[in-house]
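Worth knowing before you read on, the calculation uses all heavy atoms, side chains too, and leaves out hydrogens, waters and symmetry mates. No experiment lies behind these values; they were computed from the predicted model shown.
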Amino acid sequence: MLAGVWGVYFSFGVIIASTAPLITEIREDIAVTNAGMGLILGAWPLTYILCSVPCGMALDRIGARRMLVIACLLMAASAGLRGLAETPLQLFLAVALFGAGGPMISVGAPVVIAKLYQGKARASAMGLYVTGPYLGGLVALAITNSAIMPLVGQNWRGAMLVYAGLVLFSAVIWWAVSRPRAADIGPGTGASKYNLSAFAEIVGLRQVQLILVMSVGVFFVNHGLNNWMPEILRSYGFSAVAAGYWAALPSAIGILGVLVIPRLATPERRLLVMAGLFAAVLVASLMLQSAHPALLAPGLMLQGIARGSMMTVAIMLLMETPGVPEERLGLAGGMFFTAAEMGGVLGPVTLGALAHGSGGFALPLLSVTAVSVLLLALLVRLGAQTRADAAR
C-alpha cells in the first residue's frame with residue numbers, strides 16, 4: 001500500500017518536472033516567448049487553487065482509493081495533451097488540467113497513510129512517501145534529455161507521451177495493491193461540516209495570517225526556481241543534458257533534507273530552523289547568479305536543502321498554532337495549500353516575465369532574493385506575535 005502511494009506521488013513529481021527540461025524545444029516548436037512560457041508553467045497551480053476545496057469534499061464521498069486513480073487519469077491526460085498541443089493556449093490548458101489532479105493526491109495520500117498507520121509507524125510512512133515527488137522530479141530532470149529524448153527521436157511530444165504512460169502504470173499498480181484494503185480507505189462517514197464561520201475562526205488568527213502569507217513566498221521560490229532552473233543553466237552555456245543533471249541536484253539534496261530537517265524542527269526551535277531555511281534560499285539566489293561551479297554547486301545544494309523542508313516546517317507551524325481546533329486541521333491544511341499555490345502561480349510567471357523583459361536571469365534571481373528577505377521579515381513578525389500570544 002505504501003509503495004502504491006509512493007508510486008502515485010512519484011508520477012506526480014515526474015509530471016511537474018517534465019516540462020522544465022524541454023522549454024527550449026517547446027518554445028521553438030510552438031513559438032512562445034519566455035513570458036508566455038512562464039504563464040504556461042504557472043497554469044497548473046492556478047487550477048490547483050480552484051480545485052483544492054472541491055477535492056477535499058470529494059474525498060469524503062468517493063474515498064482515497066478511487067480518488068488517487070482519478071488523479072492519475074487526470075495527470076496522464078495532462079501529459080498526453082501537452083504532447084498534442086499545437087499552440088501556446090492549447091499547452092496552457094493541458095498544463096492547467098494537471099492542477100485538477102494535483103489536489104486529489106495532496107489530500108488523498110495523507111488520508112491513506114493516516115488510516116493505515118499509527119504512532120511512530122505513521123511518522124515513518126509519511127517520511128517515506130513524501131520522497132516520491134522529489135525522486136520523481138529528480139528522475140525527470142536527469143533523464144528527459146539524456147535518455148527519454150533520444151529514445152523518442154528528440155521529439156519533446158513523444159517524451160510527454162512516455163510520461164503519460166508512466167502515470168497510467170502507477171494507477172494500475174495502485175488499484176491492484178489497494179484492493180485488499182479498499183474498505184479501510186473508502187468513503188468517510190461523519191465528516192465535519194464547513195461554513196463561513198469555520199473559515200473565519202481560523203483566518204482571524206494573526207499567526208495563521210502570517211503563516212499563510214509566508215506560504216505564498218515559499219511556493220513562489222520553489223515553483224519559480226524548479227521550473228526555470230534548467231533554462232537558467234542552459235543560459236550559462238550548459239548543454240541540455242548537462243543542465244538536466246545539474247538541475248536534478250536540488251531534488252537529490254531535497255530528499256535528504258526532508259527526511260532530516262523536519263525532525264530537527266522541534267517546537268522550541270522551529271522558528272530558528274525556518275530562519276535557517278529562508279537564509280539558505282537567500283544565499284542560494286545570490287550564488288546562482290554565477291556560472292562558476294564553485295558557486296553554482298553550493299547554490300543548488302542550498303536551494304535543495306530548503307525547498308521541501310520550508311513547506312513541511314510551515315505546515316507544522318500552522319497545525320500547532322494555538323487557536324486552531326483539532327477538528328479543523330484538515331480545513332487549515334486546505335487553506336494553506338490554497339494560499340501557497342498563489343505563490344506557485346506567481347513564481348514561474350514572474351521569473352518568466354522578468355527574463356523576457358531583461359533578456360537574462362539576473363533580475364529573476366534577484367526577485368527570489370527579495371522574496372527571501374521578505375520571508376525573514378515575516379518570520380521575525382511571527383516570532384513576536386507568538387511571544388505576545390503566549391504572554392496573554
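- Through direct or relayed side-chain contacts under 4.5 Å between Ile, Leu, Val, Met, Phe, Trp and Tyr, I49 connects to L39, L46, M342, V345, V349.
- Looking at S372 and F278, their side chains never come closer than 4.5 Å, going by heavy atoms from C-beta outward.
- The aromatic rings of F10 and W6 lie parallel to each other, their planes meeting at an angle below 30°, with 60° marking the opposite boundary.
- Other residues, nucleotides and ligands contribute at most 12 non-hydrogen atoms within 6.0 Å of the CZ atom of R66.
- The 12-atom threshold is not exceeded at CE of M301, counting heavy atoms of other residues, nucleotides or ligands nearer than 6.0 Å.
- Listed by first then second residue, pairs satisfying side chain to side chain donor-acceptor pair (under 3.5 Å) with a partner in residues 275-294 read S285-T369, not counting sequence neighbours.
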Taking distance alone, no hydrogens or angles, what donor-acceptor pairs closer than 3.5 Å link side-chain atoms of residues 84-102 to residues at least two apart or in another chain?
residue : atom : partner : partner atom : Å
T87     : OG1  : Q90     : N            : 3.2
Q90     : OE1  : E86     : N            : 2.7

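- Panel note: side chain S78, backbone L74; no donor-acceptor pair is recorded below 3.5 Å.
- Hydrophobic clustering, with ILVMFWY side chains joined whenever heavy atoms are under 4.5 angstrom apart, keeps L365 apart from V283.
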Name every donor-acceptor pair, under 3.5 Å, that has one atom in a side chain of residues 352-359 and the other anywhere in the protein, sequence neighbours excluded.
residue : atom : partner : partner atom : Å
S358    : OG   : L354    : O            : 2.6
S358    : OG   : G360    : O            : 3.2

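- Residue Q207 holds its CD atom at 4.5 Å from CG of D389, rounded to the nearest 0.5 Å.
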For residues 20-31, please give each side-chain donor-acceptor pair under 3.5 Å, one per line with the distance, not counting sequence neighbours.
residue : atom : partner : partner atom : Å
T24     : OG1  : E231    : OE1          : 3.1
T24     : OG1  : E231    : OE2          : 3.2
R27     : NH1  : N34     : OD1          : 2.6
R27     : NH1  : E231    : OE2          : 3.3
R27     : NH2  : E231    : OE2          : 3.0
D29     : OD2  : W156    : NE1          : 2.8
D29     : OD2  : R157    : NE           : 3.3
D29     : OD2  : R157    : NH2          : 3.0

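- Of the possible polar contacts, none joining the T321 side chain to the V208 backbone as a donor-acceptor pair under 3.5 Å is found.
- Cluster annotation: L379 is connected to M310 through the hydrophobic network of ILVMFWY side chains, with a link wherever side-chain heavy atoms come within less than 4.5 Å.
- Note: F336 and F219 have perpendicular aromatic rings, judged against thresholds of 30 and 60 degrees for the angle between ring planes.
- A donor-acceptor pair under 3.5 Å is absent between the side-chain atoms of W174 and the main chain of V5, judged by distance alone.
- In this view, R65 satisfies the salt bridge (charged side-chain N to carboxylate O under 4.0 Å, His left out) rule with no residue, not counting sequence neighbours.
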